[in-house]
Amino acid sequence: QVQLMESGGGLVQAGGSLRLCCTVSGSTWSFNNMGWYRQAPGKQRELVASITTSDGTNYADSVKGRFIISKDSAKNTLYLQMDNLKPEDTAVYYCSGTRLLRTYWGQGTQVTVSS
């Protein structure tokens, strides 16, 4: 019954901003690691950013300085603040969480950046 649900995607112009949210429900335990992945048409899924239980973060080189990952444990919510968006950021963004070597995925939210 563990479920992850993304929200906040949409259509923006280059240089704009979006804030993605991922709400976790149905769990009686916490994830060891959480992250945001994205997959563009015709491309492989790639890691965008990740965060640990102790709030350590990691970012793909392509988004460093533009994206910020954070979480609110009390609300069981993961965030991805995306600033200065570029057309190459266009993709379906997925939220994920890992515990005991098992990874859970959300359904994804579409982010489209026009040039």
Side-chain angles (χ1 to χ4, degrees):
Q1 289 188 263
V2 175
Q3 187 174 44
L4 285 69
M5 184 172 68
E6 304 93 339
S7 63
L11 173 64
V12 298
Q13 293 184 329
S17 298
L18 284 174
R19 189 192 193 198
L20 304 185
C21 299
C22 172
T23 300
V24 180
S25 63
S27 64
T28 58
W29 35 259
S30 61
F31 291 111
N32 298 120
N33 296 280
M34 296 194 74
W36 289 97
Y37 289 74
R38 67 186 182 188
Q39 186 168 24
K43 296 184 178 180
Q44 295 183 334
R45 185 174 299 184
E46 64 175 347
L47 174 67
V48 176
S50 62
I51 187 167
T52 67
T53 302
S54 58
D55 292 332
T57 58
N58 185 52
Y59 298 90
D61 289 341
S62 60
V63 306
K64 285 183 178 178
R66 299 190 297 120
F67 293 8
I68 298 293
I69 187 171
S70 62
K71 60 181 173 67
D72 186 336
S73 297
K75 296 181 178 180
N76 291 325
T77 303
L78 180 73
Y79 304 95
L80 183 67
Q81 177 65 45
M82 305 185 294
D83 295 325
N84 191 25
L85 284 161
K86 305 176 183 298
E88 50 263 44
D89 294 319
T90 296
V92 176
Y93 283 70
Y94 298 90
C95 172
S96 71
T98 300
R99 179 180 181 272
L100 300 179
L101 303 181
R102 181 176 179 179
T103 300
Y104 300 81
W105 296 91
Q107 294 178 308
T109 185
Q110 177 70 49
V111 172
T112 302
V113 184
S114 62
S115 60

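The basis for the numbers below is simple: all heavy atoms, side chains too, and nothing from hydrogens, waters or symmetry mates.
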| message | Side chains of Arg45 and Val92, heavy atoms from C-beta outward: is any pair under 4.5 Å? | response | no
In residues 1-14, what donor-acceptor pairs under 3.5 Å come from side-chain atoms, sequence neighbours left out?
from, atom 1, to, atom 2, distance (Å)
Glu6, OE1, Gln107, N, 3.1
Glu6, OE1, Gly108, N, 2.9
Glu6, OE2, Cys95, N, 2.8
Glu6, OE2, Gly108, N, 3.3

| field | Parallel, tilted or perpendicular: rings of Tyr37 and Trp105 (30°, 60°) | value | perpendicular
| Among Asn58, Thr53, Thr52, side-chain contact (heavy atoms from CB on, under 4.5 Å) partner for Asn33 | Thr52
| said: Nearest 0.5 angstrom please: Ser62 OG to Glu88 CD, how far? | reply: 8.5 Å
| said: Checking Ser17 against Asp83 for the side-chain hydrogen bond (donor to acceptor under 3.5 Å, both in side chains) test, could you report, in this order, the C-alpha distance in whole Å, the side-chain angles of both residues, the deciding distance, and whether it holds? | reply: CA-CA 4 Å; Ser17 298; Asp83 295 325; 2.9 Å; yes
| said: What's the separation between atom CD in Gln81 and atom SG in Cys21, rounded to the nearest 0.5 Å? | reply: 9.5 Å
| message | Looking at Thr103, is its backbone amide N or carbonyl O close enough to the side chain of Thr98 to form a donor-acceptor pair, meaning the two atoms are under 3.5 Å apart? | response | no
| query | Could you give the distance from CH2 (Trp36) to OG (Ser50), rounded to the nearest 0.5 Å? | reply | 13.0 Å
| query | Is it true that a side-chain atom of Thr90 and a backbone atom of Ser114 form a donor plus acceptor pair closer than 3.5 Å? | reply | no
| Do Val24 and Leu20 belong together in a cluster built from hydrophobic side chains that touch within less than 4.5 Å? | yes
| Under 4.5 Å between side-chain heavy atoms, hopping through other hydrophobics if needed: is there a path connecting Ile69 to Tyr94? | no
| remark: Residues Pro87 and Ser115: closest non-hydrogen pair is CG-CB, 3.8 Å
| message | Hydrophobic clustering (ILVMFWY, side-chain heavy atoms < 4.5 Å, transitive) - are Val48 and Tyr79 grouped together? | response | no
| request: Identify whether NZ of Lys or CZ of Arg in Arg99 sits under 6.0 Å from the centre of the six-membered ring of Tyr104 and within 45° of that ring's axis. | output: no
| task | Give every residue pair that meets the salt bridge (charged side-chain N to carboxylate O under 4.0 Å, His left out) criterion with at least one member in residues 29-41, sequence neighbours excluded. | result | Arg38-Glu46, Arg38-Asp89
| query | So, for Val111 and Met82, which heavy atoms are closest and what is the spacing to 0.1 Å? | reply | CG2-CE, 3.9 Å
| task | First locate atom OG of Ser70, then atom CG of Leu80, and finally report the distance between them rounded to the nearest 0.5 Å. | result | 8.5 Å
| task | For residues Tyr59 and Ile68, determine if any side-chain heavy atom of one lies less than 4.5 Å from a side-chain heavy atom of the other. | result | yes
| Side-chain heavy atoms of Phe67 within contact of Leu85, under 4.5 Å | yes
